[in-house]
2 protein chains.
Amino acid sequence: MPEVEPAAGVTSPVTVADHQYCPATALLSRIGDKWSPLLLSLLSRRSYGFNELDRSVEGLSRRMLVRTLRSLERDGLISRTVHPSVPPRTEYALTDLGRSLQEPLFALGRWAVTHEIELLAARARFEAAP
Amino acid sequence: MPEVEPAAGVTSPVTVADHQYCPATALLSRIGDKWSPLLLSLLSRRSYGFNELDRSVEGLSRRMLVRTLRSLERDGLISRTVHPSVPPRTEYALTDLGRSLQEPLFALGRWAVTHEIELLAARARFEAAP
DNA sequence: CCGAATCCAGGCGGATACTG
DNA sequence: CAGTATCCGCCTGGATTCGG
């Protein structure tokens with residue numbers, strides 16, 4: 001989805017640069033990883049502490065939690081606030097930018113839920129082919 | 001984004017099964033790969049032949065073209081029609097299901113384009129931190 | 001023309017152990 | 001509590017070669 005809509009009308013080949021620097025492709029390559037969508041979903045309602053997130057998601061390793069949070073913070077989608085209390089607490093929350101992303105992301109999620117049965121049916125049909 | 005919206009209100013930990021079988025997460029894990037968005041974008045307007053696709057995208061290897069097309073076909077998003085002409089021609093086109101996915105996908109693309117500058121700014125800010 | 005099969009490197013992601 | 005550091009398996013994805 002590099003050129004969003006006009007891409008379909010291209011006559012010249014899509015270059016590597018086109019593909020790489022397309023905002024849409026770049027976005028999906030960042031938030032399309034294994035844990036970003038889940039963390040964005042959790043943070044969509046309220047803020048979380050680090051260990052709270054760690055305990056909230058089964059199967060998510062500490063390492064990947066940190067990496068994913070850093071990636072989202074780097075893109076300005078979440079904020080990281082260190083409270084110098086005792087014990088120390090680091091709070092993660094969605095930024096305005098991150099909040100604005102929720103709408104198109106939820107739209108995609110709704111599509112997936114709506115068409116889940118069709119997807120499963122298509123896969124079953126494909127598997128049944130000789 | 002496993003539970004789409006209600007996820008934010010969870011009190012119990014998100015289990016591995018929850019995450020794995022969430023339709024939205026499953027969708028992103030499929031169409032969020034390196035070439036699917038681009039191919040869906042190209043096919044959004046008209047159908048393509050195999051070699052035509054191969055030549056249209058610089059940097060896309062034959063192997064990954066086939067694999068990505070199979071993946072999309074398997075999920076019922078595109079159709080594959082073999083024309084027994086001479087020389088033979090295989091035509092790839094979006095299905096109705098694939099077409100219905102365009103809307104939320106384009107919405108995501110529009111968001112990316114709209115907020116591209118903010119994303120770049122956030123990244124520059126992050127890089128400049130001590 | 002449209003693939004399938006093989007080989008191989010790079011990066012994602014998990015387990016574990018260690019710091020301020 | 002909130003990370004960092006190290007090791008390592010696995011899978012994605014590119015290059016190349018072969019077949020129908």
Side-chain angles (χ1 to χ4, degrees), chain A residues 13-16 19-20 25-26 28-39 42-43 47-75 78-93 126 129-130, chain B residues 13-16 19-20 25-26 28-39 42-43 47-75 78-93 126 129-130:
Chain A
V14 178
T15 68
V16 174
H19 189 215
Q20 202 67 20
T25 295
L28 272 182
S29 74
R30 291 170 184 284
I31 66 161
D33 64 13
K34 191 170 181 178
W35 300 108
S36 287
L38 177 57
L39 292 179
L42 286 174
L43 293 171
S47 60
Y48 275 77
F50 181 83
N51 267 356
E52 194 183 8
L53 279 178
D54 197 21
R55 288 189 311 269
S56 295
V57 186
E58 180 190 342
L60 170 55
S61 66
R62 241 178 175 65
R63 168 187 156 90
M64 287 315 297
L65 176 57
V66 175
R67 286 174 74 98
T68 307
L69 287 173
R70 285 288 177 281
S71 169
L72 295 174
E73 184 195 0
R74 176 183 150 97
D75 288 337
I78 67 173
S79 65
R80 172 176 173 273
T81 312
V82 179
H83 299 281
S85 54
V86 182
R89 172 188 166 86
T90 306
E91 189 176 2
Y92 290 93
F126 186 87
Chain B
V14 177
T15 67
V16 174
H19 189 216
Q20 201 68 20
T25 295
L28 272 182
S29 73
R30 291 169 185 283
I31 66 162
D33 64 12
K34 192 170 181 180
W35 300 108
S36 288
L38 177 57
L39 292 179
L42 286 174
L43 293 171
S47 58
Y48 275 77
F50 182 82
N51 267 356
E52 194 182 7
L53 278 177
D54 196 23
R55 288 189 312 269
S56 294
V57 186
E58 180 189 343
L60 170 55
S61 67
R62 243 185 180 56
R63 170 188 154 89
M64 287 316 296
L65 176 57
V66 176
R67 285 173 73 97
T68 308
L69 288 173
R70 285 288 177 281
S71 170
L72 295 175
E73 184 196 358
R74 178 182 149 97
D75 288 337
I78 67 174
S79 65
R80 173 178 173 272
T81 312
V82 179
H83 298 281
S85 53
V86 182
R89 171 188 165 86
T90 306
E91 188 177 2
Y92 291 93
F126 186 87

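Throughout, a chain's letter reflects where its sequence line sits, starting with A, and its residues are numbered from 1.
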Within this structure, what is the [atom1]-to-[atom2] distance between [X] and [N], rounded to whole angstrom?
{"X": "B:Tyr48", "N": "C:dC1", "atom1": "OH", "atom2": "P", "value": "17 Å"}
{"X": "B:Arg30", "N": "D:dG13", "atom1": "CZ", "atom2": "P", "value": "14 Å"}
{"X": "B:Leu39", "N": "D:dG13", "atom1": "CG", "atom2": "C1'", "value": "14 Å"}

Inset, instruction - Please check if atom CD in B:Glu52 has more than 12 non-hydrogen atoms from other residues, nucleotides or ligands closer than 6.0 Å. - result: yes
Inset, instruction - Take atom CD of A:Glu58 as the centre, draw a 6.0 Å sphere, and report whether it contains more than 12 heavy atoms from other residues, nucleotides or ligands. - result: yes
Inset, instruction - Name all residues meeting the side-chain contact (heavy atoms from CB on, under 4.5 Å) criterion together with A:Ser47; count only those two or more places apart in sequence or in a different chain, and write none if there are none. - result: A:Glu91, A:Ala93
Legend entry - Test item: B:Glu73 and B:Leu69 side chains (from C-beta on) under 4.5 Å apart, heavy atoms: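 A side-chain contact under 4.5 Å is absent here.
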Legend entry - Nucleic acid footprint by protein, nucleotides 2-20 of chain C - heavy-atom cut-off 4.0 Å, B for base, S for sugar-phosphate alone: BBS-B------BBB-----
Legend entry - Closest heavy-atom pair and its distance - A:Asp54, A:Arg62: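 For A:Asp54 versus A:Arg62, the nearest heavy atoms are OD2-NH1, 2.5 Å.
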